[in-house]
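Since this is a predicted model, take the numbers as computed values, not measurements. Note on naming: letters A, B, ... go to the chains in the order of the sequence lines (proteins, then strands), and numbering restarts at 1 for each one.
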2 protein chains.
Amino acid sequence: MNQEEQQFLENYNAEQYWKPSVTADIAVFAIQREAGATYRLDPKKKLCLLLIKRGAPPFKDCWALPGGFLRETETMTECAARELYEETGAEATVLRHIGVFSGLKRDPRTRVISNAFLSVLSEEKLENMKIAAGDDAAYAGWFEIQFTQGKKGEYLLTLQHDDIKIYSSMKKIKNKYGMTEFKILKNGGFAFDHAEIIASAITHLRYETKHFELIFDFLPEKFTLSDLQEIEERVSGKTLLASNYRRKAENFLTQTGEMTNGFGHRPARLFTRKK
Amino acid sequence: MNQEEQQFLENYNAEQYWKPSVTADIAVFAIQREAGATYRLDPKKKLCLLLIKRGAPPFKDCWALPGGFLRETETMTECAARELYEETGAEATVLRHIGVFSGLKRDPRTRVISNAFLSVLSEEKLENMKIAAGDDAAYAGWFEIQFTQGKKGEYLLTLQHDDIKIYSSMKKIKNKYGMTEFKILKNGGFAFDHAEIIASAITHLRYETKHFELIFDFLPEKFTLSDLQEIEERVSGKTLLASNYRRKAENFLTQTGEMTNGFGHRPARLFTRKK
DNA sequence: TAAATAGTGTCTCTAAGACAATATCTC
DNA sequence: GAGATATTGTCTTAGAGACACTATTTA
């Protein structure tokens with residue numbers, strides 16, 4: 001750096017310009033087992049998303065994604081990982097940047113630019129984590145998530161946890177510049193524009209698992225083809241033919257030589273992610 | 001909004017938290033014709049990117065993407081469109097969000113979070129635009145862009161405009177959380193981390209044109225299949241077999257019934273983008 | 001042996017890559 | 001007619017979807 005640059009920097013006053021607040025919000029997904037399994041019947045799985053009940057205004061008592069303000073000492077990605085850890089006790093193994101949400105009125109407190117991230121937790125991590133309550137978080141919970149398309153083409157997002165049901169109806173639009181966005185038509189219980197963020201996140205997640213990315217992060221080191229397929233089915237919301245899915249999946253897998261056992265049906269081979 | 005929320009908002013002080021500066025940077029691509037055409041020989045095309053020579057520190061005399069600070073009254077996307085217009089006189093027809101760049105030291109002045117966008121200008125728009133100089137922009141120019149992979153797997157970015165040549169060597173890495181990023185190994189003339197942003201932008205552009213998105217924005221309303229194919233070739237950096245490309249492309253095209261004429265070779269059908 | 005899940009094989013259809021061959025314009 | 005580009009057709013291969021069938025465990 002030469003003298004001119006040095007001098008410039010010393011005289012530079014960053015406070016002269018307006019600045020927005022910047023946050024990271026994280027959509028954390030995990031697969032959980034449903035009850036009702038027997039020695040013979042395997043447990044069904046469900047796709048879940050972590051939400052936090054807001055204990056303070058704005059949107060008090062609404063449900064929000066974990067997240068918080070960017071600090072001076074961290075990148076956006078580090079911020080996402082830190083906030084996730086602080087609010088849930090879970091250390092993120094994977095993160096993906098989903099998009100930026102910068103609507104003028106999305107937070108009534110002040111102008112907030114939110115960088116949305118996506119993360120996936122394995123069942124193993126799920127069991128070890130404590131769901132911690134942050135300073136303005138009253139309660140956190142895992143909600144079974146459903147994201148489907150209605151008859152008129154609208155998108156329906158439904159999150160359910162025991163008797164708590166949160167929903168939103170959205171449409172997919174292209175904005176003035178051809179960018180695809182979800183727009184909320186009805187909002188039942190989500191804080192801020194988080195329904196839109198969640199819709200973007202699951203769309204992104206579906207794309208990745210379809211291409212055998214992120215899907216292994218739901219699973220332990222060793223797993224069966226049925227495990228893998230059921231996750232793909234829960235994420236995509238579609239049922240698949242086992243023989244065809246097997247054929248595709250095997251390109252991404254290595255056999256361990258081990259088998260499952262102890263169930264009231266044929267044992268299955270255990271696989272690992274290839275290389 | 002109830003009384004509790006109302007009261008909360010009145011007491012809320014946004015100034016108590018640290019905030020970063022937020023900018024939009026835009027990678028604008030266009031196709032330009034090369035000289036050397038005759039009645040018989042059609043002009044070759046080249047893919048170009050708009051860069052601005054910085055007239056003030058930091059990175060004085062280096063080349064940067066057009067961009068600037070987010071204002072209170074606009075979204076990130078609106079900011080990108082405005083900055084593009086102010087610095088080039090071009091009204092964006094399309095924009096795509098590429099990613100967020102939030103490294104701690106990416107701007108020596110102060111902490112700056114940059115939201116990167118991608119845009120495409122048609123040859124028509126290109127001819128009508130004046131390249132305007134902004135307050136800290138000394139000069140702007142269209143650079144022929146090349147982005148290739150070297151023998152050791154490294155990525156080479158070369159931008160050329162007359163006798164000005166800017167380059168960077170990068171590697172593609174997965175960060176701690178599995179996110180794909182470009183990391184600069186050598187930097188010859190780019191300001192900030194803009195080489196990384198450009199690498200991300202062209203990677204994104206290649207993905208889109210391959211799927212017949214954004215590619216039509218390079219072209220006028222009516223165009224030939226050869227026009228379309230040559231753009232795909234310049235963007236992707238690969239040559240394609242005309243018969244095969246035609247087969248794929250026709251799914252996205254409508255015939256106009258019109259033909260080109262006046263060239264020293266067989267006339268071609270003019271197509272439009274389907275619906 | 002019934003219930004439940006695991007795994008194999010095969011037929012069809014579509015899409016993509018390679019490439020040969022033909023068509024049509026201007027000078 | 002030569003040069004240049006446009007257009008059509010065909011052969012082959014890879015992959016996906018549908019579906020029939022076989023295998024292996026436990027109470």
Side-chain angles (χ1 to χ4, degrees), chain A residues 33-45 206-207 209-212 219 222-234 236-272, chain B residues 33-45 206-207 209-212 219 222-234 236-272:
Chain A
R33 289 200 191 93
E34 284 188 351
T38 66
Y39 84 93
R40 168 157 281 171
L41 210 57
D42 287 355
K44 297 300 166 203
K45 292 170 177 167
R206 284 176 174 174
Y207 178 86
T209 61
K210 191 175 180 180
H211 296 83
F212 295 92
L219 288 163
K222 297 171 187 173
F223 51 84
T224 68
L225 267 166
S226 299
D227 288 339
L228 192 69
Q229 180 178 341
E230 202 180 347
I231 289 175
E232 178 57 25
E233 290 184 338
R234 293 302 156 269
S236 69
K238 292 173 185 167
T239 55
L240 303 167
L241 292 176
S243 53
N244 295 338
Y245 189 71
R246 166 178 302 266
R247 194 172 46 202
K248 261 198 299 187
E250 276 176 339
N251 300 323
F252 300 92
L253 301 178
T254 309
Q255 289 199 24
T256 61
E258 297 170 54
M259 308 280 285
T260 59
N261 62 62
F263 301 102
H265 53 72
R266 181 173 173 175
R269 296 189 193 154
L270 285 167
F271 293 85
T272 332
Chain B
R33 289 200 190 93
E34 285 188 350
T38 67
Y39 83 95
R40 166 159 283 171
L41 211 56
D42 287 355
K44 297 300 166 204
K45 292 170 177 169
R206 283 175 174 175
Y207 177 85
T209 61
K210 191 175 181 181
H211 296 83
F212 296 92
L219 288 164
K222 297 170 186 173
F223 51 85
T224 68
L225 267 165
S226 299
D227 287 338
L228 192 69
Q229 180 179 341
E230 202 180 348
I231 290 175
E232 178 57 26
E233 290 183 339
R234 292 302 156 272
S236 69
K238 294 173 183 164
T239 55
L240 302 166
L241 293 176
S243 52
N244 296 339
Y245 190 71
R246 165 178 303 268
R247 194 171 45 201
K248 262 198 298 188
E250 276 176 339
N251 300 323
F252 299 91
L253 302 177
T254 310
Q255 288 200 24
T256 63
E258 296 168 55
M259 308 279 286
T260 59
N261 62 63
F263 301 102
H265 53 72
R266 179 171 173 177
R269 295 192 194 154
L270 286 167
F271 294 84
T272 331

Query raised in the report: Mapping A:H265 and B:M259 onto DNA chain D by nearest heavy atom, which one lands closer to the 5' end?
Result: B:M259
Query raised in the report: CD/A:Q229 to OG1/A:T239 distance, rounded to the nearest 0.5 angstrom?
Result: 9.0 Å
Requested in this report: Would you classify B:D42 as touching base, sugar-phosphate or nothing, given that sugar-phosphate means primed atoms plus P, OP1 and OP2, and contacts are heavy atoms under 4.0 Å?
Outcome: sugar-phosphate
Query raised in the report: Between C:dT24, C:dG7, C:dG17, which one does the side chain of B:R266 approach most closely?
Result: C:dT24
Report task. Could you tell me the separation between the OG1 atom of B:T272 and the CG atom of B:L253, rounded to the nearest 0.5 Å? Result -> 8.0 Å
Query raised in the report: Taking for each residue the nucleotide of DNA chain C with the nearest heavy atom, is it B:P267 or B:N251 whose nucleotide lies nearer the 5' end?
Result: B:N251
Query - Value rounded to 0.5 Å, distance of CZ in B:R246 from OG in B:S226 - result: 7.0 Å
Query raised in the report: Just how far, in rounded Å, is P of C:dA18 from CG of B:N244?
Result: 8 Å
Query raised in the report: Is A:R40 side chain donor-acceptor paired with the C:dA4 base, going by distance under 3.5 Å alone?
Result: no
Query raised in the report: What distance separates B:F223 CZ from B:F271 CZ, expressed to the nearest 0.5 Å?
Result: 8.5 Å
Report task. Please work out if B:R269 contacts a base, only the sugar-phosphate, or nothing of the nucleic acid, heavy-atom cut-off 4.0 Å. Result -> sugar-phosphate
Query raised in the report: Between C:dT26 atom P and B:Y39 atom OH, what is the distance in whole Å?
Result: 10 Å
Query - Close residues, residues 223-231 of chain A, relative to DNA chain C [heavy-atom separation under 4.0 Å] - result: A:S226
Query raised in the report: Are B:Y245 and B:F252 near enough that their ring centres are under 6.0 Å apart?
Result: no
Report task. At the 4.0 Å heavy-atom cut-off to chain A, mark where contacts on DNA chain D begin and end, going 5' to 3'. Result -> D:dA16 to D:dA27
Query raised in the report: In whole angstrom, what separates A:E250's CD from C:dT8's C1'?
Result: 10 Å
Report summary line: On DNA chain C, more 5' by nearest nucleotide between B:R247 and A:L270 is A:L270
Query raised in the report: How long is the line joining CG of B:N261 and P of C:dC27, in whole Å?
Result: 12 Å
Query raised in the report: Do B:H265 and B:D42 have side chains that get closer than 4.5 Å, going by heavy atoms?
Result: yes
Requested in this report: Working to the nearest 0.5 Å, report the span between OH of A:Y207 and OG1 of A:T209.
Outcome: 11.0 Å
Requested in this report: Taking B:E230 for its side chain and B:K44 for its backbone only, find out whether a donor-acceptor pair lies under 3.5 Å.
Outcome: no
Query raised in the report: To the nearest 0.5 Å, what is the distance between CD1 (B:I231) and CG (B:L219)?
Result: 3.5 Å
Query raised in the report: Could you give the CG-to-P distance, from A:L240 to C:dG7, as a whole number of Å?
Result: 17 Å
